[in-house]
Amino acid sequence: MDSRRTKHHILRTAIMLLLVMMTASCKVSYKFNQSSIDYTKTKTITIVDFPIRSSYVWGPMQTIFNNELKDQFANHTKLSLVKRNGDLKIEGEITQYSQRNKSVSSEGYSAQTELSMTVNVRFTNNVNHKEDFERQFTSTTSYETTQSLASVQEELVTQMVKDITDQIFNATVANW
């Protein structure tokens, strides 16, 4: 029995040693460069304020969106924001802001409401026009119907704006 215990201990030690050596010899390295901009050619960006073209409007949404989009590029690139004639240009409009019943409770009443926001974006790369596009970006979020929209609107709009501006950033300069 003692010899069996010793063999088991040696085998367990050998396996542990093998695992330690394998993990020590394997190195996974990730390097995330937040953008793939060639700063020798691309130095400026023009971001035109996006107006609201939706039939349903919440006033502060436009300012929240425009500020977040500009902050996204200011914080994650070395591009200088210029009023016109940028090497890159982003313009568009907030085309849809709506809410709808998402789920129904067992009593037949609305349990959750889905809030949705869509933005149309026109991107122009004056250094490489092959990258130009016009595309829509959408984000949705939900809230319990027991809450009023007025009590959660700012938080939910801010979340959707962050999601959409991340999508725009990734589509325009992240290229991953």
ILVMFWY network linking Val127 to Val173, side-chain heavy atoms under 4.5 angstrom: no

Could you tell me whether the side chain of Phe65 reaches within less than 4.5 Å of the side chain of Ile164, counting heavy atoms only? yes

Asn170 side chain to Asp166 backbone, donor-acceptor under 3.5 Å: yes

Test your reading of the model: is there a side-chain donor-acceptor pair from Ser139 to the backbone of Asp163, 3.5 Å cut-off? no

Rounded to the nearest 0.5 Å, what's the gap from CD on Gln159 to OG1 on Thr140? Could you check? 11.0 Å

Mind checking whether Thr124 and Asn126 have side chains closer than 4.5 Å, heavy atoms only? yes

Has the side chain of Ser148 got a donor or acceptor atom that lies under 3.5 Å from a matching backbone atom of Ser151? yes

Hey, are Thr95 and Glu93 close enough side-chain-wise for a donor-acceptor pair under 3.5 Å? no

Tell me which one of Asn120, Thr118, Thr138 satisfies side-chain hydrogen bond (donor to acceptor under 3.5 Å, both in side chains) with Gln96. Thr118

Interatomic distance, OG1@Thr172 vs CG@Asp132, rounded to 0.5 Å, equals 12.0 Å

Evaluate the criterion side chain to side chain contact (heavy atoms under 4.5 Å, CB included) for residue pair Lys89 and Ile45; output intermediate values, then yes/no. CA-CA 6 Å; Lys89 182 178 183 181; Ile45 186 168; over 6 Å; no

Main-chain N/O of Glu131 paired with Asn125 side-chain donor or acceptor, under 3.5 Å: no

Please check if Val82 and Phe169 belong to a single hydrophobic cluster, counting links between Ile, Leu, Val, Met, Phe, Trp and Tyr side chain heavy atoms closer than 4.5 Å. no

The reported gap from CH2 in Trp58 to CD in Gln153 (rounded to nearest 0.5 angstrom) is 5.0 Å

Would a 4.5 Å heavy-atom cut-off, applied to side chains only, mark Thr113 and Arg100 as touching? no

Verdict with supporting geometry, Leu88 and Ile47, side chain to side chain contact (heavy atoms under 4.5 Å, CB included): CA-CA 8 Å; Leu88 304 178; Ile47 300 176; over 6 Å; no

Side chain proximity check, Ile90 to Phe50, heavy atoms < 4.5 angstrom: yes

Working note: Phe73 + Thr165, criterion side chain to side chain contact (heavy atoms under 4.5 Å, CB included); need CA distance, chi angles, decisive distance, verdict. CA-CA 9 Å; Phe73 285 86; Thr165 57; over 6 Å; no

Can you check whether Thr42 reaches Lys78 side chain to side chain, under 4.5 Å on heavy atoms? no

Between the side chains of Lys43 and Asp38, is the shortest nitrogen-to-carboxylate-oxygen separation below 4.0 Å, so that they form an ion pair? no

Hey, can you tell me if Phe123 and Phe133 have their rings parallel, tilted or perpendicular (30° and 60° cut-offs)? tilted

Tell me whether Val48 shares a hydrophobic cluster with Leu79, the cluster being built from Ile, Leu, Val, Met, Phe, Trp, Tyr side chains joined at under 4.5 Å. no

Report yes or no: does Ser142 contribute a side-chain atom to a donor-acceptor pair with the main-chain N or O of Gln112 at less than 3.5 Å? no

Evaluate salt bridge (charged side-chain N to carboxylate O under 4.0 Å, His left out) for Asp71 paired with Lys162, printing each intermediate quantity in order. CA-CA 10 Å; Asp71 287 349; Lys162 177 69 175 133; over 6 Å; no

Is it true that a side-chain atom of Tyr143 and a backbone atom of Val152 form a donor plus acceptor pair closer than 3.5 Å? no

Atom CD of Glu154: over 12 foreign heavy atoms under 6.0 Å: no

Could you tell me which non-hydrogen atom of Gly92 sits nearest to which non-hydrogen atom of Pro51, and how far apart they are? O-CD, 3.2 Å

Please tell me whether Leu69 and Ile64 are part of a single hydrophobic cluster in this structure, the criterion being side-chain heavy atoms less than 4.5 Å apart. yes

To the nearest 0.5 angstrom, please state how far the OH atom of Tyr56 sits from the OH atom of Tyr97. 5.5 Å

When rounded to the nearest 0.5 Å, the distance separating CZ of Arg122 from CD of Glu134 is 5.0 Å

What distance separates Met160 CE from Met117 CE, expressed to the nearest 0.5 Å? 6.5 Å

Indicate yes or no for a side-chain donor-acceptor contact from Asp87 to the backbone of Thr44 under 3.5 Å, with no hydrogens or angles considered. yes

Could you check if a side-chain atom of Met61 sits within less than 4.5 angstrom of a side-chain atom of Ile94, using non-hydrogen atoms only? yes

